[in-house]
Participant: 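Sharing a structure below in structure tokens format, with a few things to ask.
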Amino acid sequence: MTDSLDRARLAAWRAYIEASQRLYTRLEDDLRADSALSFADYHVLVLLSEAPGQRLRMGELASRLVFSPSRLTYQITTMQRRGLVARESCPDDRRGSEAVLTAAGLLALREAAPHHLRSVRAHLMDDLDDAEVACLTRIFERLGRRLRADRDASTAHPHS
């Protein structure tokens, strides 16, 4: 019983990874065709736009993007050259630095967002087969339950 369950989980996980990779590749191609942003650029800008003061410490940004520090440094450097982000010293830690969203970065994000959302909708509807949709649906439902539980717990204990 456990062996068949493990095989089923492994198959579901493999289907999820393959679907995610295919979807990511197509979204990347579409986003680049419609705007000057890569998928990674887009996600860096989204995270910065949602952060307090539109800035995040590099370590926090790396953990949210699941980037290695060297990959993030390269990403931020290329975005900095294009004027999408700035890099500044942390006021409370001179050894650290923060990525800061620029006006040009915010404009690029606003221009790319409709293309990105349209592309996500199109590919989720057109490019995934029924098994992949079912697998992703289960994962998102589980994630939604976890997020609701976390939100409810933080609401119940707002000062902890």
Participant: Classify the angle between the aromatic ring planes of His43 and Phe39 as parallel (below 30°), tilted (30 to 60°) or perpendicular (above 60°).
Facilitator: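 It falls in the perpendicular class, over 60°.
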Participant: Salt bridge or not between Glu98 and Arg87? Use side-chain N to carboxylate O under 4.0 Å.
Facilitator: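 Between Arg87 and Glu98 there is no salt bridge, as every charged N stays at least 4.0 Å from the carboxylate O atoms.
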Participant: Distance check, rounded to the nearest 0.5 Å: Leu61 atom CG versus Ser97 atom OG?
Facilitator: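 Leu61 atom CG to Ser97 atom OG measures 10.0 Å (nearest 0.5 Å).
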Participant: How long is the straight-line distance from CG of Leu109 back to CD of Gln54, given to the nearest 0.5 Å?
Facilitator: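 CG of Leu109 is found 9.5 Å from CD of Gln54.
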Participant: Would a distance-only check, ignoring hydrogens and angles, find a side-chain to backbone donor-acceptor pair under 3.5 Å from Thr102 to Leu84?
Facilitator: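 Side chain of Thr102 to backbone of Leu84: a pair is present.
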Participant: Would Leu48 and Val100 count as a side-chain contact (heavy atoms from CB on, under 4.5 Å) if you check the C-alpha gap in whole Å, the side-chain angles of each, and the deciding distance to 0.1 Å?
Facilitator: CA-CA 7 Å; Leu48 291 175; Val100 181; over 6 Å; no
Participant: Knowing that exactly one of Leu101, Leu56, Ile76 qualifies, which makes a side-chain contact (heavy atoms from CB on, under 4.5 Å) with Val44?
Facilitator: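 Looking at Leu101, Leu56, Ile76, the match for Val44 under the side-chain contact (heavy atoms from CB on, under 4.5 Å) is Ile76.
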Participant: Answer yes or no: does atom CZ of Arg71 have more than 12 heavy-atom neighbours from other residues, nucleotides or ligands under 6.0 Å?
Facilitator: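 Check passes, neighbour count above 12.
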Participant: If you measure from CZ on Arg55 to CD on Glu60, what distance do you get to the nearest 0.5 Å?
Facilitator: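 Arg55 CZ to Glu60 CD: 14.5 Å, rounded to 0.5 Å.
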Participant: Specify the closest pair of heavy atoms between Ala104 and Gly83, including all atoms of both residues, with the distance to one decimal.
Facilitator: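 Nearest pair, atom of Ala104 first, then Gly83: CB-O, 3.5 Å.
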Participant: Atom CG in Leu45, atom CG in Asp41: separation rounded to 0.5 Å?
Facilitator: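 Atom-to-atom, Leu45:CG and Asp41:CG are 6.5 Å apart.
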Participant: Can you name the nearest heavy-atom pair linking Val46 to Ser49, along with the distance?
Facilitator: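 Closest approach of Val46 to Ser49, heavy atoms only: O-OG, 2.7 Å.
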Participant: Looking at CD of Glu50 and CZ of Arg64, how far apart are the two atoms once the value is rounded to the nearest 0.5 Å?
Facilitator: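 Answer rounded to 0.5 Å: 8.5 Å.
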Participant: Which pair of non-hydrogen atoms, one from Gln75 and one from Ala40, has the smallest distance, and what is that distance?
Facilitator: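 For Gln75 versus Ala40, the nearest heavy atoms are OE1-CB, 3.6 Å.
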